[in-house]
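One structure is given here, and the rest of the page talks about it.
Reminder, nothing fancy here: chain letters follow the sequence lines and each chain counts from 1. Just so it is clear, the model here is predicted, and its values are computed rather than measured.
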Amino acid sequence: MAQIPLGVKTHAQKVCSLYKRALRNLEAYYDRRHVYRYQAVLLRERFDKHAKETNMIKANEFLKEGEEELFLKQHPIPKYFATSPGGVAHERVVTPPDWVLDYWHPLEKAQYPEYFKKREQRKKEFVAMWEKEYGKPDEKDKHH
Amino acid sequence: MLKNNNLICFNSFFFLFFFMLINFFFFVYFIMNGLSVFFEWEIISFNSMSIVMSILLDWMSLLFMMFVSLISSVVIFYSKSYMNSELNLNRFIILVLMFVFSMVLLIISPNLISILLGWDGLGLISYCLVIYYQNLKSYNAGMLTALSNRIGDVMILMVICWVMNYGSWNYIFYFDFMKNDYVMFIISFMIIIAAMTKSAQIPFSSWLPAAMAAPTPVSALVHSSTLVTAGVYLLIRFNYLLIDMFFFKVLLFLSILTMFMSGISANYEFDLKKIIALSTLSQLGLMMSILSLGFPDIAFFHLLTHAMFKALLFMCAGVIIHMMNDIQDVRYMGGLSLYIPLTSLCLNISNLSLCGIPFLSGFYSKDLILEMVSFNSFNLMVFILFYLSTGLTVFYTFRLIMYVMINDFNLMMIYNLYDEDYIMLNSMFVLLFMSLLSGSFLSWFIFSYPYMIYLPFNLKLMVIYVSILGSILGFMVSNMGIYSLNKLLLSYNLSSFLCLMWFMPNLSTYGLSYIYLNFSQILFKNIDMGWSEIYSGKGIFNILKNYSVFYNIYQMNNFKIYLFSFILWFMILFIFFFI
């Protein structure tokens, strides 16, 4: 196959995703909280009307119409949180991964002797804690 | 690490402040005595060619340098507190200092080569400053900024080539001789395009709102008062040459459209810094349009007063953003004036100055511009768009004030809101003082006699009418109670068009590069990964591999082939010997 699907979403998940995106869209249009709350209640009522639908064909049609409506009514400037993807401050401060510390020069490591004394021990304890919670890794996963 | 930050910030602040004082004293001396000084250093003189470095100091360049050094000193002082958590503050301050140096070089140069040095320096350093934060948005914004400015750089380079016709790059000396030449036609076109790219007029206006991905001190210094005014300054210097050219009328048309378009877009925009950026764009359009109508001194006046209150506005926005944990969206804010009284004082005064409220600094320049437009008989469209844009300025200003300051408290949870950071406040108060007084101070200095303007009563008050209308609309738009999405959707297409800057950023980014990228994808798939793989890369490898597989059959001692070759050899011997 050309593209293997990474996962299959259930119908409930799709509907919940549509609902959440529609709510965020409403939040972009109505910035006063009490106004937004009123509109959110109206939206919830629209979703609840078809919530108990058992005919999957109709349910899929409602979902498709809902997605179409959301696309046509999306706000041109959505409201993002600053540090989330799409926001202004996303990825401004990047934490280096932990293994970078292993590559430090010995003179640099000598500036923090207490920390580096305990580092190997800390690594072993971390691995032990991980394996206690999640079990040992599969042998097949180690080789590409 | 912290001590280094203190040192570099304070040192540069004191140096620039002292430089500002020197410039101020010399400016007063020069303008009172009508002096204009050339410094020339001969670098090389060989036979008949001589390379000379020259500096022009007249009242205009000294005044502009004073303003640039004041704003940059205040911004560096401000960024000591604003960028406190940055590990790379040294790099930031050094970039800002290099920027100021490039700007000063641009201001004092009477010849095109040093203008090019300053101009290119401005473009490159503003790129480095915009990508300072190094996330995806900043990289894209920096690319947009750098490439738009690069077009202007190319234009200046071509002007240098064409001006070589006159034998020297000191355009200052040749004003009288260059006026009616054919070559001036081409030079004027290119100079105007260069100024339009730097000052973000209509075909090149997409970079200014995008460049708000830079840190706020950078926006306060670069994108409000120095970089974007470099284009206006260049045209003010060249104004004597360009005044009768046809392209000035094109510039008038485009700058008025810029003024109008950005005024409308600012009304629909929800990012705090983008609103202020679009406001800057609108005022730049105003400066360019009054320049192209033939009043360079008024354009210069507005340039200076605008620098003051716009830098102050950006700094207030920076305090608010800091307070809200990096949120720049105005829909998250409301009722902040109770918590940040001093900052909201600065914000209000700079906003009112922007609107042209009587006797603040913006009033002197803006009102003079509008009265000159009404007094001289221009086009009806020019008149309407000028006053409409003034009204739009008041409209988005009041909308901003309502959203940020006056509406009900709108934050998601109770933040600890305060503005006690005295470093930031002190730097803002310096600009507040200048923003209140610079209008009157400059009008007394620059205009030795006032312009005599006679207007009918209602036309004189037209500004006030338009401002009142704009403020009422601004109040109404941001104070709407319960309203339904359906009414907003009736004008969805129109409001999308107006809020996304008439889709011009999309046109100048996707629109220009899509066809080339598409074509290059076709080329890449068919040639790079297609035919040239067959005929050089993988293909030759396959041929060689197939040959070696083929030979392997012999080398593997295949018995059938061994017998067959034995029989063949036997037959050859038989034929050779017996026939």
Side-chain angles (χ1 to χ4, degrees), chain A residues 2 18-47 65-97 100-101 104 108 111-112, chain B residues 85-87 132-139 141 209 212-216 265 268-275 321 324-335 403 407-412 478-489 492-501 503:
Chain A
L18 174 66
Y19 179 60
K20 186 164 182 184
R21 275 178 289 132
L23 277 182
R24 287 281 182 221
N25 193 34
L26 276 186
E27 219 176 37
Y29 277 104
Y30 300 110
D31 38 42
R32 303 295 114 191
R33 205 68 193 174
H34 59 288
V35 182
Y36 161 73
R37 185 41 50 198
Y38 177 74
Q39 297 293 331
V41 167
L42 291 180
L43 181 75
R44 180 63 192 250
E45 197 264 329
R46 282 181 67 188
F47 270 79
E65 280 168 19
E67 293 279 1
E68 187 67 27
E69 193 184 326
L70 180 63
F71 178 72
L72 289 172
K73 287 184 181 178
Q74 63 186 348
H75 198 280
I77 307 173
K79 205 172 158 185
Y80 291 118
F81 296 110
T83 37
S84 313
V88 262
H90 181 57
E91 285 185 333
R92 257 185 205 174
V93 178
V94 178
T95 350
V100 165
L101 285 164
W104 277 20
E108 290 177 315
Q111 292 181 4
Y112 302 95
Chain B
S85 59
E86 284 290 325
L87 296 171
Y132 183 76
Y133 278 141
Q134 295 178 23
N135 51 1
L136 193 63
K137 259 194 173 19
S138 296
Y139 284 148
M212 293 299 121
T216 311
S265 299
Y268 283 94
E269 185 59 58
F270 286 107
D271 185 332
L272 179 61
K273 283 173 71 175
K274 282 212 172 93
I275 296 178
I321 290 170
M324 309 260 307
N325 281 337
D326 290 337
I327 292 178
Q328 291 180 4
D329 204 320
V330 119
R331 290 171 287 198
Y332 285 101
M333 306 176 193
Y403 260 107
N407 263 340
D408 304 324
F409 187 78
N410 200 27
L411 299 179
M412 292 172 289
S478 45
N479 206 20
M480 294 204 286
I482 298 191
Y483 45 90
S484 127
L485 187 58
N486 291 324
K487 291 208 193 81
L488 287 171
L489 287 174
Y492 182 76
N493 288 336
L494 182 65
S495 70
S496 264
F497 174 68
L498 294 175
C499 105
L500 294 172
M501 281 174 70
F503 298 133

Handout entry: Pick from L42(A), V94(A), L72(A) with the largest number of heavy-atom pairs that fall under 4.5 Å of chain B
Key = L72(A)

Handout entry: Euclidean distance, E27(A) CD relative to Y332(B) OH, rounded to 0.5 Å
Key = 6.0 Å

Exercise for the section: Measure distances from P85(A) to the heavy atoms of chain B and classify the residue's part below 4.5 Å as side chain, backbone, both or neither. Expected result: neither

Practice task
To the nearest 0.5 angstrom, please state how far the NE2 atom of H75(A) sits from the SG atom of C499(B).
Solution key: 7.0 Å

Handout entry: Residue F503(B) excluded, over 12 heavy atoms near CZ under 6.0 Å
Key = yes

Practice task
Identify which part of D326(B) has an atom lying under 4.5 Å from any heavy atom of chain A, answering side chain, backbone, both or neither.
Solution key: both

Exercise for the section: State the CZ-OH distance between R331(B) and Y29(A), to the nearest 0.5 angstrom. Expected result: 10.0 Å

Exercise for the section: Select one option (side chain, backbone, both, neither) describing which atoms of Y268(B) are under 4.5 Å from chain A's heavy atoms. Expected result: backbone

Practice task
Taking all non-hydrogen atoms of both residues into account, name the closest pair between K73(A) and Y492(B) and its distance.
Solution key: C-OH, 4.2 Å

Exercise for the section: Drop me the distance from L136(B)'s CG to E91(A)'s CD, to the nearest 0.5 angstrom. Expected result: 7.5 Å

Handout entry: Expected output: side-chain N410(B) to main-chain D31(A) donor-acceptor under 3.5 Å
Key = yes

Completion exercise
For A82(A) and N325(B) the tightest heavy-atom approach is CB-O, 4.4 Å

Handout entry: Heavy-atom pair of closest approach, residues H90(A) and N135(B)
Key = O-ND2, 2.6 Å

Exercise for the section: Under 4.5 Å heavy-atom distance to chain B, tell me which part of Y80(A) shows up: side chain, backbone, both or neither. Expected result: backbone

Exercise for the section: Please name the residue in the list V330(B), I327(B), D329(B) that meets the side chain to side chain contact (heavy atoms under 4.5 Å, CB included) test with K79(A). Expected result: D329(B)

